[in-house]
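One structure is given below, encoded as structure tokens.
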There are 2 protein chains.
Amino acid sequence: MSGTRRRFRREGEAQRQGDLIAAALDLIAAGGPQAATVRAIAERAGVTPGLIRHYFHTKEDLIAAAYASFVEQMTADHRATLDGTTLDPMARLARFVSLSLSPPLTDARTVGLWAGFIHLVQRDQHMRAIHERGYHAFRDELQMLIADALAAAGRPAEPARLRAEAIACNALIDGLWLEGSVLPEDFAPGELSRLGLEKIGALLGLPLRDHAEADG
Amino acid sequence: MSGTRRRFRREGEAQRQGDLIAAALDLIAAGGPQAATVRAIAERAGVTPGLIRHYFHTKEDLIAAAYASFVEQMTADHRATLDGTTLDPMARLARFVSLSLSPPLTDARTVGLWAGFIHLVQRDQHMRAIHERGYHAFRDELQMLIADALAAAGRPAEPARLRAEAIACNALIDGLWLEGSVLPEDFAPGELSRLGLEKIGALLGLPLRDHAEADG
DNA sequence: CCGGTAATTCTGCAAGCGTATAATTAGTTG
DNA sequence: CAACTAATTATACGCTTGCAGAATTACCGG
């Protein structure tokens, strides 16, 4: 009756799943979990709603996949910028801190996504496992960087103290991340990175210096 | 037709509004914003859905009121436990830190509520104002405590440095709060408070000691 | 150029959503 | 005890939601 059907192109499974996941993440970041309806996700991904259930058994499955993708990309980006560089341990630690406290990590979108998934993390065991893995990966990497930096400074630390330092430094980063992401106008550009480096340096007794990209 | 109508008691405006707000907060904490439907809120508050629109012009209004109540209670609880005590400045600061890193503040419910409102805070200007006020109240109080503690230790700090210290200490608290609330099983009981006191003490160069309630 | 396959669209449904409004009932006042 | 008022319930409406299944169409191998 309604004349012509909508034209479409066939795509690979990976491509379409990726599009749908990206669309879901965009919507959750912008409008919270409520905004990620199957219809909205499909429209943003450029397909019709029915296709979602061709690639995901249920909407909940898509959301879980989106969360896994989000966590993985967060840590992957982080690691990628650190690997392949030939910095000394202290510079690597400084870079890690600086990266954590700048976009795209410190950003309204990231914190919005993080918050949008929290209640799922608290209730769904699968989501919780994903979260736990990501969090521990982040903290473990930070702990290794701290260990290397302390060792390079001639002050190696025993495991128990190392764990405490990592938790504290991680908390400092997370706190600055939170505040800078939710109320960005409260802080001058680069202030968060500077503060993070200075205070983490103070906690560890290491003079951390920023050597990031150009500064005006 | 359906026989008897439901029995009810008339209540004051404050009481009913409070009940509805409490119900909304419970639901958001447990199941995220999605769970706080008008029907669910009404059922939990022991009334029928229509009553919500007798006390709030729209559901959005109720949610905004709930958020304001949440933020206010968070800071009020905090302040109340500190006022009326005759502790020296350093003990007051220690108490502030310790309170922030124990239930009910450091708790799955609180972080669940906080996260559940974030996307509203980011989009709605009214919500944003509420958030900003609460955040600044918390940080300003912390800053005053730090100022007093430093002054009492004979090392008063100038405003600019004081602001930086407050932001950093606040971030450390927030980070520990976040991690302890989302993954409580990662930390031993009291570990967060201990860590917070130790590391904030290290940042400020003050020996903060815990003198909270009994310890096993 | 012609089938076959599965990726994609389309249509529809039952349930739940927020909201509007009329009907009732509890409590107050004289 | 009867009238009055406002708190509360009840009912209904239009819209959206996630999901299901049938119909179509793009692409691939012959």
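We use all heavy atoms of the structure for the numbers below, so side chains are in, but hydrogens, waters and symmetry mates are not. Naming: A, B, ... by sequence-line order, numbering from 1 per chain.
On a pure distance criterion of 3.5 Å, a polar donor-acceptor pair joins the side chain of B:Arg5 and the base of D:dT9.
No side-chain heavy atom of A:Ser181 sits less than 4.5 Å from a side-chain heavy atom of A:Trp114. The side-chain heavy atoms of B:Leu145 and B:Leu82, taken from C-beta on, include a pair separated by under 4.5 Å.
Distance CZ (A:Phe8) to P (C:dT8): 7 Å, rounded to an integer number of Å. With rounding to whole Å, A:Leu27 atom CG is found 15 Å from D:dT16 atom C1'. For the pair A:Arg9 CZ and C:dT9 P, the interatomic distance rounds to 12 Å; values are reported in whole Å. Remark: C1' of D:dG18 and CD of A:Glu43 are 17 Å apart, rounded to the nearest angstrom.
In the region residues 10-25 of chain A, proximity to DNA chain C at under 4.0 angstrom, judged on heavy atoms, holds for A:Arg10, A:Glu11, A:Arg16. Using a 4.0 Å cutoff on non-hydrogen atoms, the parts of residues 50-60 of chain A near DNA chain C are A:Gly50, A:Leu51, A:His54, A:Tyr55, ordered by number.
Residues A:Tyr55 and A:Glu13 have side chains that never bring a donor and an acceptor to within less than 3.5 angstrom of each other.
Under a 4.0 Å N-O distance rule, the pair B:Arg163/A:Glu191 qualifies as a salt bridge. Under a 4.0 Å N-O distance rule, the pair B:Asp19/B:Arg44 does not qualify as a salt bridge. A salt bridge links A:Lys199 to B:Glu165: at least one charged side-chain nitrogen sits closer than 4.0 Å to a carboxylate oxygen. Note on A:Glu185 versus B:Arg128: salt bridge recorded, some NZ/NE/NH1/NH2 to OD/OE distance being below 4.0 Å. Under the 4.0 Å criterion applied to side-chain N and carboxylate O atoms, A:Glu11 and A:Arg9 are assigned as salt-bridge partners.
In this structure, the separation between CZ on A:Arg10 and CZ on A:Arg16 is 11.0 Å, given to the nearest 0.5 Å. A distance of 10.5 Å separates CG of A:Leu208 from CD of A:Glu198, quoted to the nearest 0.5 Å.
Sequence order on DNA chain C of the closest nucleotides to B:Arg6 and B:Pro49 puts B:Pro49 first from the 5' end.
The aromatic rings of B:His131 and B:Tyr135 lie parallel to each other, their planes meeting at an angle below 30°, with 60° marking the opposite boundary.
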Dump the pairs, protein N or O against N or O of nucleotides 14-16 of chain C, anything under 3.5 Å, distances to one decimal.
none

